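Bear in mind that the values here come from a model prediction, so they are computed numbers and not experimental data. Residues: numbered from 1 along the sequence shown. Indexing begins at 1, ligand by ligand and atom by atom, following the structure's order.
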Amino acid sequence: MGSFKIISIFVLVVLLAPSFHPRCGASASAEEAAALLKWKASFLSQNNSYLTSWNLQSGDAKNSSILPCTWAGISCIDGSVNRLNLSDWSIKGSLYDFPFSSLPNLEDLDLSFNQIFGRIPKQIGNMSKLVSLDFGANELSGKIPPEICNLRNMNHLGFPSNQLSGPIPPVIGNLSSLQFLYLYQNNLIGAIPKSLGNLTKLIELDLTGNQFSGPLPELLCQSGILQNITVGENMLTGPIPKSLQNCSSLVRARFNGNHFQGNLSEMFGIYPVLDFIDLSNNKFYGKLSSNWGKCKMLKALIVAKNNIMGGIPPEIGNLTQLHKLDLSLNYLSGEIPRGVGKLASMIKLDLHGNQLTGGIPQELGMLMEFLDLSTNSLNGTLPELLGDLKHLFHMNLSNNVLSQKIPLQIGKLTQLSELDLSQNLFTGEIPSEFQNLQSLGTLDLSQNNLSGLIPKVLAELPGLLHINLSFNNLDGPIPSGRAFVNLTLEEVKGNKGLCGTITGLRACESSQLIKKHVKDKRKEFVLITALPLLGSFILLGAFFGVLKLHDRRKQNSREEDTEVNKGGLFAICAYDGKALYKEIVSSTEEFSETFCIGKGGCGSVYKAQLPAGEVVAVKRLHNAPNVAKDKSFLNEIRALTEIKHRNIVKLFGFCSNAQHSILVYEYLERGSLAKILSIEEEAKELDWQERLNIIKGVAHALSYMHHDCSPPIIHRDISSNNILLDPECEAHVSDFGTAKFLRRDSSNWSSLAGTYGYVAPEFAYTMKVNEKCDVYSFGVLTMEVIKGKHPGDLIANLMSSKLEEIELKVLLDKRLLFPNRQIEESLLSILKLARECLHVDPQCRPTMLIISRYLASY
Ligand SMILES: *[C@@H]1O[C@H](CO)[C@@H](O)[C@H](O)[C@H]1NC(C)=O
Ligand SMILES: *[C@@H]1O[C@H](CO)[C@@H](O)[C@H](O)[C@H]1NC(C)=O
Ligand SMILES: *[C@@H]1O[C@H](CO)[C@@H](O)[C@H](O)[C@H]1NC(C)=O
Ligand SMILES: *[C@@H]1O[C@H](CO)[C@@H](O)[C@H](O)[C@H]1NC(C)=O
Ligand SMILES: *[C@@H]1O[C@H](CO)[C@@H](O)[C@H](O)[C@H]1NC(C)=O
Ligand SMILES: *[C@@H]1O[C@H](CO)[C@@H](O)[C@H](O)[C@H]1NC(C)=O
Ligand SMILES: *[C@@H]1O[C@H](CO)[C@@H](O)[C@H](O)[C@H]1NC(C)=O
Ligand SMILES: *[C@@H]1O[C@H](CO)[C@@H](O)[C@H](O)[C@H]1NC(C)=O
Ligand SMILES: *[C@@H]1O[C@H](CO)[C@@H](O)[C@H](O)[C@H]1NC(C)=O
Ligand SMILES: *[C@@H]1O[C@H](CO)[C@@H](O)[C@H](O)[C@H]1NC(C)=O
Ligand SMILES: *[C@@H]1O[C@H](CO)[C@@H](O)[C@H](O)[C@H]1NC(C)=O
């Protein structure tokens, strides 16, 4: 290896010798090429495909001024290397042979996202013209060399996500041009001493996730231009320095997870452009200042886990943009100000673990998704208006002194997946409206004074996994049903009147069982006959639920089998599905063109208005999958019918017989995104905010299917044809999980995998489909929503250039007005995200979980 290296350098020098003639002006670049090849030769892996252009043949060997300027990752000015960007090139090696002294004109060096290990050599100080340096996401260790202070032109300095140790060299204060400093996620220690205060041009500082101690430098924002400061998860102490207290330029600030202390009310001023601040998990005390109400742009205020006392200032109700307010785990007292509760933009309100009193505000912001007021001293009743929070998915009001009945309106919270009302004083029966909470996964009603029977509908909730009804006054038999199969004594104990087969629980007497039976029968009757009157999809869902229940019961009890089973003609609908099937056939006049609302590769979609009034979308498949005996297929369909998510089109069921195979779906009037974007008038009405929401909705749906379902469900065919919109422009993803079997008979591989133009590139050679294929298609879709049409070749442009270099307007839908600044920034961030999704290497694409969490803040 060693001798090989020597020989290759020797050959190189001989080859380049003729062009060393000064007249050609080539000697500089020849030297640069040689030095870079020497470094390349030190890499542990020599078969890196990115580096194939790094050789002597790639230019005209006689005109070496174009070497190494034609090599990948390199840009030159006047024949000398000016930029070197090898970001994400899978380089495994060290910097010991890096030509620090041989690249005199280098301004831009980006080696991020590789596997570069070892120390940073002190020769780094020789690159005197360097303006931007990024070593992020490598495996560098050791100290930051003080020679760094020679880089006087440095504007952007990034050593994040390495294993660097030791303190920040104090001489960093000499980098007087520095605007961006990123040292997060290392093992750096010591005080941040004071010289950072000399960086008078600093705009963004990120030191998260190190072991820094001591106070922040006093003069951090002395010139009043610092925008983003992120020092979370360190061991910093002391108060917030004075210069930050009136730092009116501040946009984002994270101080969370340190040992900061001091009186909060005296420490923060008014920040006119502050967008986000996290002070959680520190030792701040004192009151919340009414000044927070003057930070007009604030979207998130997080002060959880401190020692804050006093009331919540009503002025916070002036923050019309506030999305997230988290004041949990403090010593706050007094009432929740009405204005704070009803903030229209609020999505997450967490006040748990305080000493709040009074009632729950009657009116709460309608966009609320997360509400935790648990462990306070709130009294009064549950407001009926709570039923209007149609986006709510998490509600915890436990451990308060709330009383009286649980209002029926709770049944309107159809997105709710976690509900905890335990440890209160609720009385009355458990409302049967719980049957509408089809997304409910966790229900805790323990330690109240609830009485009466347990409604049978609880046992049938499709997603319910955790239930606790202990310590109430419930009586009668424990209903049987899917959700109660694994019920333990712990979850029902402390109720004098309950009986059942659970070990430790008293067995039911026959009179109790009869009572139960009669009650069950009556419920089902009501459900089925009420359907024509109410005509709601929720009930239709429940209707299918009941059919499925019958189906299952039939399977369980052989005596009844003869009555129904006619050989699996009607796969999922089974039983009464036959009646429904007939209704569908007759209401579409046997799938007449008149009722056809769309055609696709695998079937036509019809709008069917059932006699009962419901409208459903029916997809009739061209090629019926041969499913009569395919148990895994049936299981999959069954699982899909049980999925309920606000961004996923509800699949009610599947029927198949000799003539037709149909899928029955929720009907969404506005139709597909593809259609809407193709019609100028409709596309114009879909403004930027709505488009962002569509992207968010699709991300939520995909994240749910990839990460909350076990096993994960891959869509395989995300495209604008499969995104349907409801009247509020909320996105609903259709055909989830069905693309796989609908297209499995196809001979054309691209249709097997999805829609042309959305298929991830690796499919061409791996033929394997995994979650990351959906992530790729999501990336294409995101660009399409923003561009207003399929991005086509723009994808390649986006991948090959810096986002800043592409004119944003090329990527935007020309039919809309150019966005305002705030939206423009969101769009840029989302386009960056889309670019990550389109990465050729599936491993490098982010997961939908990360994407949906990231998007949640827009
Ligand atoms: C490339 O190098 C890696 C080791 O770094 C090795 O595992 C792989 O097989 C090599 N590939 C080729 C095509 O030589
Ligand atoms: C070498 O190539 C560069 C760029 O292509 C060109 O500008 C220059 O004139 C060439 N020099 C010679 C000596 O051919
Ligand atoms: C280097 O290239 C990568 C991707 O090719 C890009 O994300 C990054 O911004 C570039 N770095 C610089 C400093 O231009
Ligand atoms: C490069 O840096 C080292 C260490 O800082 C120094 O000793 C050396 O003289 C420098 N070389 C050049 C060519 O500037
Ligand atoms: C920081 O600035 C002060 C005064 O401007 C100066 O005295 C001090 O030497 C500087 N520190 C560093 C490390 O540059
Ligand atoms: C820092 O800069 C000052 C003047 O700008 C200079 O006198 C001093 O020597 C520099 N310190 C180092 C360590 O380079
Ligand atoms: C902060 O306030 C002090 C005095 O009140 C003032 O001197 C300083 O310029 C202010 N800084 C900013 C960034 O507004
Ligand atoms: C500050 O942070 C926000 C949000 O992450 C970002 O959009 C903005 O570009 C940052 N500002 C600077 C100067 O980097
Ligand atoms: C802010 O809120 C307070 C109390 O809720 C109110 O009196 C005041 O008028 C509001 N100020 C502005 C500017 O809206
Ligand atoms: C709730 O508690 C407050 C005292 O904190 C009391 O004044 C009020 O009457 C109570 N309300 C109800 C409905 O019990
Ligand atoms: C009951 O528990 C078993 C074993 O933990 C589990 O496999 C099954 O899915 C559970 N059933 C329900 C309905 O939760």
Side-chain angles (χ1 to χ4, degrees), residues 28 31-32 35 95-96 98-106 119-130 132 144-151 155-158 160 169 171 178-182 184 199 201-206 208 221 224-232 247 249-254 271 273-278 297-300 311 323 332-336 354-362 376-383 400-405 424-427 803-804 821-833 853-858:
E31 238 182 276
E32 287 174 352
L95 294 175
Y96 301 136
F98 186 86
F100 291 109
S101 308
S102 314
L103 300 172
N105 293 311
L106 194 65
R119 291 166 185 268
I120 300 171
K122 60 182 185 206
Q123 285 80 1
I124 193 165
N126 291 356
M127 298 195 289
S128 55
K129 290 201 179 153
L130 213 57
S132 167
I144 300 174
E147 286 75 10
I148 200 101
C149 72
N150 296 336
L151 308 178
N155 167 272
H156 172 123
L157 181 57
V171 290
L178 204 61
Q179 289 190 301
F180 303 91
L181 177 58
Y182 307 103
Y184 55 86
L199 302 176
K201 300 233 169 89
L202 206 61
I203 299 179
E204 181 157 77
L205 173 67
D206 194 338
T208 312
C221 184
I225 57 168
L226 187 68
Q227 289 183 17
N228 294 349
I229 172 165
T230 313
V231 294
C247 182
S249 52
L250 221 51
V251 175
R252 276 176 97 87
R254 288 181 185 267
Y271 306 96
V273 290
L274 187 65
D275 173 272
F276 178 104
I277 187 162
D278 189 347
M297 307 291 281
L298 203 56
K299 293 207 191 73
H323 284 9
L332 293 167
S333 55
E335 302 202 356
I336 302 171
N354 280 290
Q355 295 161 4
L356 299 168
T357 53
I360 294 176
Q362 289 296 315
N376 278 291
S377 303
L378 300 171
N379 66 2
T381 58
L382 265 192
N400 280 292
V401 282
L402 300 166
S403 57
Q404 303 193 29
K405 291 188 174 181
N424 278 290
L425 304 171
F426 288 113
T427 55
L803 203 53
E804 300 75 49
R821 241 199 90 186
Q822 193 194 346
I823 299 241
E824 182 187 339
E825 278 173 15
S826 303
L827 289 173
L828 266 172
S829 310
I830 289 171
L831 284 166
K832 277 187 194 156
L833 185 72
R853 286 201 182 144
Y854 177 81
L855 288 175
S857 61
Y858 287 98

| Any idea which atoms of ligand 8 are less than 4.0 Å away from a heavy-atom of Gln227? | 11 (N), 12 (C), 13 (C)
Within-cutoff protein neighbour (heavy atom, under 4.0 Å) for [atom]:
| atom | result |
| --- | --- |
| atom 7 (O) of ligand 10 | no |
| atom 11 (N) of ligand 4 | yes |
| atom 2 (O) of ligand 4 | yes |

| message | Yes or no: does Glu825 have any heavy atom under 4.0 Å from an atom of ligand 8? | response | no
| query | Counting heavy atoms only, which part of Ile203 comes closer than 4.0 Å to ligand 8: side chain, backbone, both or neither? | reply | side chain
| request: Would you check if the side chain of Asn228 reaches a backbone N or O of Thr230 as a donor-acceptor pair within less than 3.5 Å? | output: no
Got the closest protein heavy atom to [atom], with its distance?
| atom | value |
| --- | --- |
| atom 4 (C) of ligand 10 | Asn379 ND2, 4.5 Å |
| atom 5 (O) of ligand 10 | Thr357 CB, 3.9 Å |
| atom 13 (C) of ligand 4 | Ser101 CB, 3.9 Å |

| query | Would you say ligand 4 has an N or O under 3.5 Å from any N or O of Asn126? | reply | yes
For a quick test of reading the model, state the closest non-hydrogen atom pair linking [X] to [Y] and the distance between them.
| X | Y | answer |
| --- | --- | --- |
| Asn126 | Ser101 | ND2-OG, 2.7 Å |
| Leu151 | Met127 | CD2-O, 3.2 Å |
| Lys129 | Asn105 | NZ-OD1, 2.7 Å |
| Leu298 | Phe276 | CD1-N, 3.9 Å |
| Pro169 | Pro145 | CG-O, 4.3 Å |

| request: Hey, could you give me the CD/CG distance between Gln179 and Leu199, rounded to the nearest 0.5 Å? | output: 11.0 Å
